[in-house]
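For the single chain, residues carry numbers from 1 onward in sequence order.
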Amino acid sequence: MGVGLFDGMSISGSGLTANRTWLDVIANNIANANTTRTPAGGPYRAEEVVFSPGSASFSSALGNATGSTLQGVQVSGIVSDPAPFKLVYDPSSPDAVNGYVQMPNVNIGTEMMNMISATRAYEANVTAFNAAKTMDTQSISIGK
């Protein structure tokens with residue numbers, strides 16, 4: 001089992017990509033927090049990101065074949081939140097049925113908490129990437 005010179009940066013890069021996707025999904029949820037009509041019919045349903053270890057890259061497959069357990073992270077899917085929709089009394093809405101409108105199941109407080117977590121994880125990956133880059137640069141300069 002060996003660790004390559006750029007493995008730390010590659011792993012941090014996978015974290016940056018995954019957390020960026022998480023932030024995009026959070027932004028989409030917040031943007032659609034009041035969407036009561038979608039092309040599929042009904043209100044917008046919140047989405048969640050599913051993370052899993054590893055990636056489908058060639059270097060990851062090669063690492064698995066050689067016994068390396070360092071894989072990084074990947075987004076294995078984006079799934080709909082099965083939580084029920086909220087009912088709001090608004091008889092003036094064109095989407096009202098018996099005076100009640102089904103609103104999206106987006107919880108703004110939860111989305112804000114997830115956004116802070118995703119931002120902190122992104123920042124941590126940037127810090128780890130820069131540390132790995134500094135270490136690699138210093139290792140290369142030893143040979144000069």
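- Nearest heavy atom pair, residue F129 against residue S12, reads N-OG, 3.5 Å.
- Side-chain atoms of Y100 and D90 include no donor-acceptor pair closer than 3.5 Å.
- S10 places no side-chain N or O within donor-acceptor distance of the main-chain N or O of D7, the cut-off being under 3.5 Å.
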Stepwise side-chain contact (heavy atoms from CB on, under 4.5 Å) check, V106 with N32: CA-CA 8 Å; V106 175; N32 286 293; 5.7 Å; no
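- In this structure, T35 contributes its side chain and R37 its backbone to no donor-acceptor pair below 3.5 Å.
- In summary, the side chains of D24 and N28 do not present any donor paired with an acceptor at a separation below 3.5 Å, with no hydrogens or angles considered.
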CA sep, side-chain torsions, deciding dist, call: M9, D136, side-chain contact (heavy atoms from CB on, under 4.5 Å): CA-CA 9 Å; M9 289 190 287; D136 291 346; 3.3 Å; yes
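- Using modelled atom types, one side-chain atom of S14 and one backbone atom of V73 make a donor-acceptor pair closer than 3.5 Å.
- Counting heavy atoms from C-beta outward, L87 and Q102 have side chains that approach closer than 4.5 Å.
- Under the 4.5 Å side-chain criterion, counting only non-hydrogen atoms from C-beta, N19 is not in contact with L23.
- Atom NZ of K86 has more than 12 heavy atoms from other residues, nucleotides or ligands within 6.0 Å.
- Placement of I116 and I108 in two distinct hydrophobic clusters is found when ILVMFWY residues are connected by side-chain heavy-atom separations under 4.5 Å, directly or transitively.
- Taking CH2 of W22 as the reference point, atom CD1 of I78 lies at 13.0 Å (rounded to 0.5 Å).
- Looking at V75 and V50, their side chains never come closer than 4.5 Å, going by heavy atoms from C-beta outward.
- Not a single donor-acceptor pair under 3.5 Å links the side chain of S80 to the backbone N or O of R45.
- Judged by the 6.0 Å and 45° rule, R20 forms no cation-pi pair with Y122.
- Judged by distance alone, with hydrogens and angles left aside, the side-chain atoms of N105 form no donor-acceptor pair with the main-chain N or O of P84 at under 3.5 Å.
- Distance check, rounded to the nearest 0.5 Å: CD1 of I26 to CD of E47 gives 12.0 Å.
- Side-chain contact check for I30 versus M112: some heavy-atom pair is nearer than 4.5 Å.
- Residues N29 and Y44 meet the side-chain proximity criterion, which asks for heavy atoms closer than 4.5 Å.
- M103 is not listed as a side-chain neighbour of P43, based on a closest heavy-atom distance of 4.5 Å or more.
- Between the side chain of T17 and the backbone N or O of G13 there is at least one donor-acceptor pair closer than 3.5 Å.
- Shown here for S76 and S52, the closest heavy-atom pair between the two residues is CB-OG, 3.4 Å.
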